[in-house]
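Here the structure is a predicted model, which means the values were calculated and not measured. In each ligand, atom 1 is the first atom listed, and ligand 1 is the first ligand listed.
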Amino acid sequence: MDNKELITLALKARENSYSPYSGCRVGAALLAESGRVYTGCNIENAAFGPTVCAERVAVFKAVSEGEKRFVKIAVAGGRNDLPDDYFYPCGVCRQVLSEFCADGFEIITAVSPEKYFTETLDDMLPHRFGPEKVK
Ligand code: THU
């Protein structure tokens, strides 16, 4: 699956964002090594603390379906109907991705299928505390 297709799925997932408090609508699409794609949107909560990011929803959906190896994730976010900002995964999501993804795992931050940046997990979370430290 190419980056444009994955971004399109992230933008579609973003439509389900439940974000009445921040107004930030975020979608994510995670490609597993199996070839399956798992999508997520951010889901907010009146108590704020239980809010979950789009990326973590996608990862937890995938892992709960038996997936543990991933290739790349596309993230699309913003406050308006069409994304006009680049939303990078928050620190907690980077750490969650770090549990399952190698240094070269690709993170695509997009505002459209044509406008995006790619970086690796290692770029975004250097010196990460990975599972090999405690296993
Ligand atoms: N959010 C995400 O879904 N992903 C990120 O990487 C950053 C933040 C969501 C959480 C919350 O619903 C809103 O954006 C504002 O932080």
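- Summary of contacts: the protein heavy atom closest to atom 4 (N) of ligand 1 is Glu55 OE1, 2.8 Å.
- Atom 16 (O) of ligand 1 lies below 4.0 Å from none of the non-hydrogen atoms of the protein.
- Remark: the backbone N or O of Val92 is not paired with any side-chain donor or acceptor of Gln95 at under 3.5 angstrom.
- Of the protein's heavy atoms, Cys53 SG, 3.6 Å lies nearest to atom 1 (N) of ligand 1.
- Looking at Tyr21 against ligand 1, nothing comes within 4.0 Å, counting heavy atoms.
- In this structure, the side chains of Val111 and Tyr86 come closer than 4.5 Å at one or more pairs of heavy atoms.
- Taking a cut-off of under 4.0 Å to the non-hydrogen atoms of Ser22, the atoms of ligand 1 that pass are 13 (C), 15 (C).
- Remark: distances from the non-hydrogen atoms of Cys93 to ligand 1 are all 4.0 Å or more.
- For the atom pair Ser19 OG and Arg25 CZ, the distance stands at 5.0 Å (nearest 0.5 Å).
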Let me have the donor-acceptor pairs involving side chains of residues 60-79, under 3.5 Å, with sequence neighbours excluded, atom names and distances please.
unit_1: Lys61; atom_1: NZ; unit_2: Thr39; atom_2: O; d: 2.7
unit_1: Ser64; atom_1: OG; unit_2: Phe60; atom_2: O; d: 3.0
unit_1: Ser64; atom_1: OG; unit_2: Lys61; atom_2: O; d: 2.8
unit_1: Glu67; atom_1: OE1; unit_2: Ser34; atom_2: OG; d: 3.3
unit_1: Glu67; atom_1: OE2; unit_2: Ser34; atom_2: OG; d: 2.7
unit_1: Glu67; atom_1: OE2; unit_2: Tyr38; atom_2: OH; d: 2.8
unit_1: Arg69; atom_1: NE; unit_2: Glu33; atom_2: OE1; d: 2.9
unit_1: Lys72; atom_1: NZ; unit_2: Met1; atom_2: O; d: 3.0
unit_1: Lys72; atom_1: NZ; unit_2: Asn3; atom_2: OD1; d: 2.7
unit_1: Arg79; atom_1: NH1; unit_2: Ser22; atom_2: O; d: 2.8
unit_1: Arg79; atom_1: NH2; unit_2: Ser22; atom_2: O; d: 3.0

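- The list of side chain to side chain donor-acceptor pair (under 3.5 Å) pairs with a residue in residues 123-135, not counting sequence neighbours, reads Ser98-Arg128, Asp103-Arg128, Thr120-Asp123.
- Contact of the Pro113 side chain with the Leu11 side chain is registered, since non-hydrogen atoms from C-beta on lie closer than 4.5 Å.
- At the shortest separation from atom 9 (C) of ligand 1 among protein heavy atoms lies Asn42 ND2, 3.6 Å.
- For the pair Arg36 (side chain) and Leu30 (backbone), a donor-acceptor distance under 3.5 Å is absent.
- Within the structure, the closest approach of Ser19 to ligand 1 does not fall below 4.0 Å when heavy atoms are considered.
- Taking every non-hydrogen atom of Glu44 and a distance limit under 4.0 Å, the qualifying atoms of ligand 1 come out as 11 (C), 12 (O), 13 (C).
- One N or O on the side chain of Glu44 and one on the backbone of Tyr21 form a donor-acceptor pair closer than 3.5 Å.
- Of the protein's heavy atoms, Ala54 N, 3.0 Å lies nearest to atom 3 (O) of ligand 1.
- Of all the atoms in ligand 1, the ones that sit under 4.0 Å from a non-hydrogen atom of Tyr88 are 6 (O).
- The contact set between ligand 1 and Val26, taken as ligand atoms under 4.0 Å from a residue heavy atom, comprises 1 (N), 2 (C), 3 (O), 4 (N), 9 (C), 14 (O).
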